[in-house]
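Report on the structure given below.
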Number of protein chains: 2
Amino acid sequence: MTIEQRNAIYSFEPALIDEIQKLGSERLMDAGEELMRPGMYVRSIPIVLSGSLKIMRQDEKGNETFLYFLTGGDTCAMSLTCCTANRPSSVRAIAEEPTKLIMVPVEMMDLWLQKYPSWKNFVFQSYQNRFDDLMEAVDSLAFKKMDERLWRLLKKKAALQEKRYVYNTHQELADELSTSREVVTRLLKKLEAMGKIKTHRNRIEIL
Amino acid sequence: MTIEQRNAIYSFEPALIDEIQKLGSERLMDAGEELMRPGMYVRSIPIVLSGSLKIMRQDEKGNETFLYFLTGGDTCAMSLTCCTANRPSSVRAIAEEPTKLIMVPVEMMDLWLQKYPSWKNFVFQSYQNRFDDLMEAVDSLAFKKMDERLWRLLKKKAALQEKRYVYNTHQELADELSTSREVVTRLLKKLEAMGKIKTHRNRIEIL
DNA sequence: ATCTGATTGTGACAATTGTCGCCGCTTTCA
DNA sequence: TGAAAGCGGCGACAATTGTCACAATCAGAT
């Protein structure tokens with residue numbers, strides 16, 4: 001997928017697309033590769049062209065919890081704010097699958113905000129979408145029990161790649177839910193008994 | 001506190017201050033009064049002049065959880081996005097104490113973004129601050145046990161008004177933490193035994 | 001083929017949190 | 001003054017989640 005195709009979604013002006021292609025640099029990431037970690041200073045804004053990024057929050061002791069996914073056309077709100085304020089990231093971003101990004105230098109942010117209405121819309125739309133995503137994460141953490149959180153995570157992962165299978169170990173899922181491996185194993189058994197999934201090694205089938 | 005005094009913080013241009021005063025309308029809220037509820041359409045952007053707003057997330061079943069406070073100079077990021085996109089609010093905003101707001105008509109948003117650099121900075125700064133606040137809320141929900149969440153909430157409430165006393169019932173605290181009254185009572189006893197607080201009727205003393 | 005490490009399964013138990021019932025005290029208001 | 005409602009305290013128990021120990025199974029490397 002190219003930036004032109006994304007254009008259809010956000011109606012970037014042709015001149016803006018030119019600039020993005022001229023000044024931005026493409027980056028290909030393998031699944032599991034880390035784009036950003038807490039404390040890191042970000043000097044360019046990533047726009048996802050294809051694949052997906054998993055955004056995680058980390059506490060001081062290294063515990064993690066999943067926040068949301070970024071997919072095609074999305075950008076990281078954290079980058080937008082961190083870049084402009086020159087502050088370090090407070091989240092971790094990992095490629096969930098092979099992912100293609102275009103990295104836009106932070107210097108363009110301000111200029112384009114003035115110059116291109118579509119860029120301004122894109123930025124504001126991104127903030128709004130990320131707020132919604134965070135609200136969903138808060139709902140899950142505050143109101144749902146672990147079994148439902150696990151089930152929702154599995155469905156979201158399956159939907160991402162439009163596949164029936166989720167390729168994760170119990171430990172990986174536990175890390176994303178900030179719980180322990182045994183708990184995930186236990187709840188997966190429960191979901192299996194309920195007929196919602198079928199477990200395999202390194203792979204879970206959504207029914 | 002007037003908009004001029006906040007000006008020192010955000011360096012609003014004099015012309016912008018004039019416009020805010022001319023076009024905005026002041027609103028006084030009693031403690032506990034509701035400014036916004038989920039599903040409500042917002043047609044003006046509130047800027048807090050004095051006092052504080054409590055922002056809560058609600059799920060479909062009416063459970064609530066505290067997200068963050070807005071205090072002097074803050075504005076609601078939800079309003080910024082909801083107004084521009086004409087979408088209903090997804091949070092509840094309640095005055096935590098007697099609170100003075102200035103309500104700015106949403107029509108000004110776009111215009112001022114072009115016209116006043118300080119407004120643009122203000123808006124972006126607000127997004128960033130609210131993101132930070134939400135991250136703190138997520139940390140609390142994902143990584144902290146109830147006793148520490150309660151303790152942090154009490155400290156935050158005390159700091160808000162720079163007082164030793166927090167005037168809340170156990171039930172109110174339970175609602176903000178999305179737990180039950182008994183649990184709060186139990187944990188308050190524990191905090192009292194640890195010498196961190198002293199409980200009174202309708203009032204908790206932070207030591 | 002065998003070893004090794006990663007993955008999954010399981011039982012027992014502890015800690016935390018949620019829920020119920022009931023009590024006594026205080027405040028409010030009729 | 002008396003009733004009702006709100007507030008806080010307490011004990012018992014259930015449900016959920018966290019933790020530990022250990023076994024069984026699978027996949028890949030040598």
Side-chain angles (χ1 to χ4, degrees), chain A residues 31-32 59 61-66 137-154 157 165-206, chain B residues 31-32 59 61-66 137-154 157 165-206:
Chain A
D59 78 351
K61 290 194 291 296
N63 302 314
E64 284 194 299
T65 196
F66 169 76
V138 165
D139 282 354
S140 184
L141 287 166
F143 305 131
K144 308 298 182 191
K145 293 206 218 307
M146 198 56 85
D147 55 352
E148 189 172 347
R149 290 181 57 202
L150 175 59
W151 173 233
R152 283 164 173 254
L153 180 64
L154 291 174
K157 277 174 176 265
Y165 294 107
V166 172
Y167 295 89
N168 278 116
T169 64
H170 299 183
Q171 185 62 60
E172 288 167 342
L173 295 170
D175 291 343
E176 295 177 3
L177 295 170
S178 192
T179 182
S180 66
R181 199 264 313 161
E182 293 92 324
V183 170
V184 169
T185 301
R186 193 152 62 200
L187 295 177
L188 283 175
K189 285 287 119 192
K190 190 176 147 194
L191 289 176
E192 189 162 26
M194 293 166 70
K196 293 185 163 189
I197 62 169
K198 189 153 170 20
T199 60
H200 308 268
R201 194 183 179 82
N202 286 318
R203 177 168 54 99
I204 296 161
E205 185 177 358
I206 312 294
Chain B
D59 78 351
K61 288 193 294 297
N63 302 314
E64 285 193 298
T65 196
F66 169 76
V138 166
D139 282 353
S140 184
L141 288 166
F143 305 130
K144 308 298 182 190
K145 292 203 217 305
M146 198 54 86
D147 55 351
E148 190 173 346
R149 290 180 56 201
L150 176 58
W151 174 234
R152 281 164 174 256
L153 180 65
L154 291 174
K157 278 173 174 267
Y165 294 107
V166 172
Y167 296 89
N168 279 116
T169 64
H170 298 184
Q171 185 63 59
E172 288 168 341
L173 295 170
D175 291 344
E176 295 177 2
L177 294 171
S178 193
T179 181
S180 67
R181 199 262 313 161
E182 294 92 323
V183 170
V184 168
T185 300
R186 193 151 64 199
L187 295 177
L188 284 174
K189 286 289 120 193
K190 190 175 147 194
L191 289 176
E192 189 161 26
M194 293 166 71
K196 294 186 164 188
I197 63 169
K198 189 152 169 22
T199 60
H200 308 268
R201 193 184 176 83
N202 285 320
R203 177 168 53 99
I204 296 161
E205 185 177 356
I206 312 293

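Quick caveat: nothing in here was measured; it's all calculated off a predicted structure.
- Residue A/Arg149 contributes atom CZ, which lies 9 Å from atom P of D/dG18 at whole-angstrom precision.
- The base of D/dC10 does not come close enough to the side chain of B/Glu182 for any donor and acceptor atom to sit less than 3.5 Å apart.
- Between B/Glu176 and B/Lys157 the shortest side-chain heavy-atom distance falls below 4.5 Å.
- A/His170 places its NE2 atom 13 Å from the C1' atom of D/dC26, with the value rounded to the nearest Å.
- Counting heavy atoms from C-beta outward, B/Phe66 and B/Leu177 have side chains that stay 4.5 Å or more apart.
- Annotation: of the two residues near DNA chain D, A/Lys144 and A/Asn202, the 5′-most nearest-nucleotide partner is A/Lys144.
- Listed nucleotides D/dG8, D/dA27, D/dG18 differ in distance to A/Arg201; the shortest reach to its side chain belongs to D/dA27.
- Atom pair A/Arg203:CZ and D/dA27:P shows a separation of 10 Å (rounding to whole Å applied).
- A rotation axis mapping the C1' atoms of four pairs onto the next four is fitted at both ends of the helix from C/dA1-D/dT30 to C/dA30-D/dT1 over five pairs, and the angle between these axes is 30° to 10 degrees.
- Boundaries of the chain A contact region on DNA chain C are C/dA6 to C/dA12, first to last in 5' to 3' order (nucleotide atom under 4.0 Å from a heavy atom).
- In terms of position along DNA chain C, the nucleotide closest to A/Thr169 lies nearer the 5' end than the nucleotide closest to the other residue of the pair A/Thr169 and A/Lys145.
- Look at B/Glu148 and B/Arg152 and you find a salt bridge, because one of the NZ, NE, NH1 or NH2 atoms lies within 4.0 Å of a carboxylate O, short of that distance.
- Atom-to-atom, NE2 of B/His200 to P of D/dG8 comes out at 12 Å; the value is rounded to the nearest Å.
- Rounding to whole angstrom units, OH of residue A/Tyr167 and P of D/dA27 are separated by 14 Å.
- Rounded to whole angstrom, the span from the CD atom of B/Gln171 across to the P atom of D/dG9 amounts to 14 Å.
- By the 4.5 Å heavy-atom criterion applied to side chains, A/Thr65 and B/Leu141 are not counted as neighbours.
- Under a 4.0 Å N-O distance rule, the pair B/Lys189/B/Glu192 qualifies as a salt bridge.
- Residues B/Leu173 and B/Thr179 are not in side-chain contact: their nearest non-hydrogen atoms beyond the backbone lie 4.5 Å or more apart.
- At a threshold of 4.5 Å between non-hydrogen side-chain atoms, the residues A/Tyr167 and A/Asn202 do not count as touching.
- With hydrogens and angles disregarded, no donor-acceptor distance shorter than 3.5 Å links the side chain of B/Asn168 to the backbone of B/Glu172.
- Remark: the A/Arg186 side chain and the D/dG18 base include a donor-acceptor N/O pair separated by less than 3.5 Å.
- Contacts of A/Ser180 with the nucleic acid, taken as non-hydrogen atoms under 4.0 Å apart, include base atoms.
- A 4.5 Å side-chain heavy-atom check between B/Leu154 and B/Leu191 finds at least one atom pair inside the cut-off.
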